[in-house]
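Right, one structure below, let's go through it.
Nothing here was measured: the structure is a model prediction, and the numbers come from that model.
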Amino acid sequence: MPVAVVGAGSFGSALASVLAANGQDVILYGRSAQIVREINETHTNVRYLPGVPLTRGIRATTDLTAVRGAETILLVVPSQALRAASRALAALEWAPQCVIHAVKGLEKGTGMRMSQVLQDEWTGLDPRSVVVLSGPSHAEELSRGLPTTLVASAISRAAAEYAQDLLMNDRLRVYTNPDVAGVELRS
């Protein structure tokens, strides 16, 4: 089953590239038809990752319904877009096995952590399936294959380890952590 990445910015594109390099079938959703076309045709995202080739095999799309049925979803959108993205995904009436979010910050106006926003909008989503992905990293480092570390945090150890196994390779080290609130507030 494919892994879906929602958000074709710098970190979303970098994570999609890592997943593809790790042998995953990757669908990358982006709002910009121009960026999606560029990713599919030239395997680059010059606006967000200039000078960095993306791993071949990423299928980019502007059709959010294309992610429906993915076993795993990575949400990599700006914090103020997470509520709308979660609502749109919930409207697809399916819940993946694992939802990994790499969205930093607190929601403006509510002060909610991103995992709270996600669960507030995506009713029926099992809280044990939600993983927070954070770390002392930059998309440019990750996309260029430089040694990088991330933290996968979840209330379910199995979910955190699943995310770890999905992303980790010889250049990317992923640690697990059970303190979801702590990881979200420190990112």
(message) What I want to check is whether the side chains of T44 and E38 have a donor and an acceptor closer together than 3.5 Å.
(response) yes
(message) Using side-chain heavy atoms (C-beta onward) and a distance below 4.5 Å, is M1 in contact with D25?
(response) no
(request) Indicate the atoms forming the closest heavy-atom contact of P96 with W122, along with that distance. (result) CD-CZ2, 3.5 Å
(request) State, with a plain yes or no, whether a side-chain heavy atom of T149 is found less than 4.5 Å away from one of P136. (result) yes
(message) On a heavy-atom basis, which atom in L125 and which in A95 lie closest, and how many Å separate them?
(response) CD1-CB, 4.4 Å
(message) Any non-hydrogen side-chain atom of L74 less than 4.5 Å from a side-chain atom of L19?
(response) yes
(message) With a 4.5 Å cut-off on side-chain heavy-atom distances among I, L, V, M, F, W and Y, is there a chain of contacts connecting Y29 to I73?
(response) yes
(request) Is it possible for you to say whether L49 and V6 belong to one hydrophobic cluster, with membership spreading through side-chain heavy-atom contacts below 4.5 Å? (result) no
(message) Checking E184 against S115: is there a side-chain donor and acceptor pair closer than 3.5 Å?
(response) yes
(request) Would you kindly say whether Y162 and S156 are connected by a side-chain donor-acceptor distance under 3.5 Å? (result) no
(request) Any chance you could measure T62, atom OG1, to L28, atom CG, to the nearest 0.5 Å? (result) 11.0 Å
(message) Checking the side chain of S13 only, and the main-chain atoms of S10 only, is there a donor and an acceptor separated by less than 3.5 Å?
(response) no
(message) Once rounded to the nearest 0.5 Å, what's the spacing between atom CD of E121 and atom CD of Q116?
(response) 13.0 Å
(message) Using every non-hydrogen atom in the two residues, find where L106 and Q80 come nearest and quote the distance to one decimal.
(response) O-NE2, 3.6 Å
(request) Nearest 0.5 Å please: distance from the CD atom of Q97 over to the CD atom of E71. (result) 4.0 Å
(request) Go through the steps for R68 and E93 under the test side-chain contact (heavy atoms from CB on, under 4.5 Å), then give the verdict. (result) CA-CA 9 Å; R68 185 177 190 186; E93 298 180 351; 4.2 Å; yes
(request) Count the heavy atoms of every other residue, nucleotide or ligand shown that sit under 6.0 Å from CZ of R87, and state whether that count exceeds 12. (result) yes
(message) Show, in sequence, the C-alpha distance, side-chain angles and deciding distance for N40 and T61, and conclude whether the side-chain contact (heavy atoms from CB on, under 4.5 Å) test is met.
(response) CA-CA 9 Å; N40 287 330; T61 182; over 6 Å; no
(request) Kindly compute the distance separating CG (L82) from CD (E107), expressed to the nearest 0.5 Å. (result) 8.0 Å
Solution key, residues 170-182 side-chain donor-acceptor pairs under 3.5 Å, sequence neighbours excluded:
unit_1	atom_1	unit_2	atom_2	d
N177	OD1	D179	N	2.6
D179	OD1	G182	N	2.9

(request) Return yes if some donor-acceptor pair links the side-chain N/O of T148 with the main-chain N/O of L146 below 3.5 Å, else return no. (result) yes
(message) Quick one about D63 and T65 (side-chain donor to acceptor, distance below 3.5 Å, no hydrogens or angles considered), yes or no?
(response) yes
(message) Let me check something: do V132 and L15 share a hydrophobic cluster, defined by ILVMFWY side-chain heavy atoms less than 4.5 Å apart, either directly or through other members?
(response) no
(request) Please examine the side chains of M168 and N22, heavy atoms only from C-beta on, and report whether any two atoms are closer than 4.5 Å. (result) no
(request) For the residue pair L118 and S86, establish whether any side-chain heavy-atom pair is separated by less than 4.5 Å. (result) yes
(request) Indicate, with yes or no, if V18 and V3 share a hydrophobic cluster defined by side-chain heavy-atom contacts under 4.5 Å among Ile, Leu, Val, Met, Phe, Trp and Tyr. (result) yes
(message) Going by the rule side-chain contact (heavy atoms from CB on, under 4.5 Å), which residues pair with T55 if we only count those two or more places apart in sequence or in a different chain?
(response) S17, A20, A21
(request) Walk me through it: do E161 and R157 pass the test salt bridge (Lys or Arg N to Asp or Glu O under 4.0 Å)? (result) CA-CA 6 Å; E161 289 175 350; R157 181 178 182 158; 2.8 Å; yes
(request) Calculate, to the nearest 0.5 Å, the distance between atoms CD and CZ belonging to E140 and F11 respectively. (result) 10.0 Å
(request) Following the transitive rule for hydrophobic clusters with a side-chain heavy-atom cut-off under 4.5 Å over Ile, Leu, Val, Met, Phe, Trp and Tyr, establish whether L75 and I27 coincide in one cluster. (result) yes
(message) Quick check: closest heavy atoms across V131 and A152, and the distance to 0.1 Å?
(response) CG1-CB, 3.9 Å
(message) Using every non-hydrogen atom in the two residues, find where R128 and A159 come nearest and quote the distance to one decimal.
(response) O-CB, 3.3 Å
(message) By the definition side-chain contact (heavy atoms from CB on, under 4.5 Å), identify the one residue from V36, V52, I58, I39 that meets it with N45.
(response) I39
(request) Flag the pair R47 / Q34 as yes when at least one side-chain heavy-atom distance between them is below 4.5 Å, and no otherwise. (result) no
(message) To the nearest 0.5 Å, what is the distance between CZ on R113 and NE2 on H101?
(response) 8.0 Å
(message) Please give me the minimum heavy-atom distance between S79 and V103, naming the atom from each residue.
(response) CA-CG1, 3.4 Å
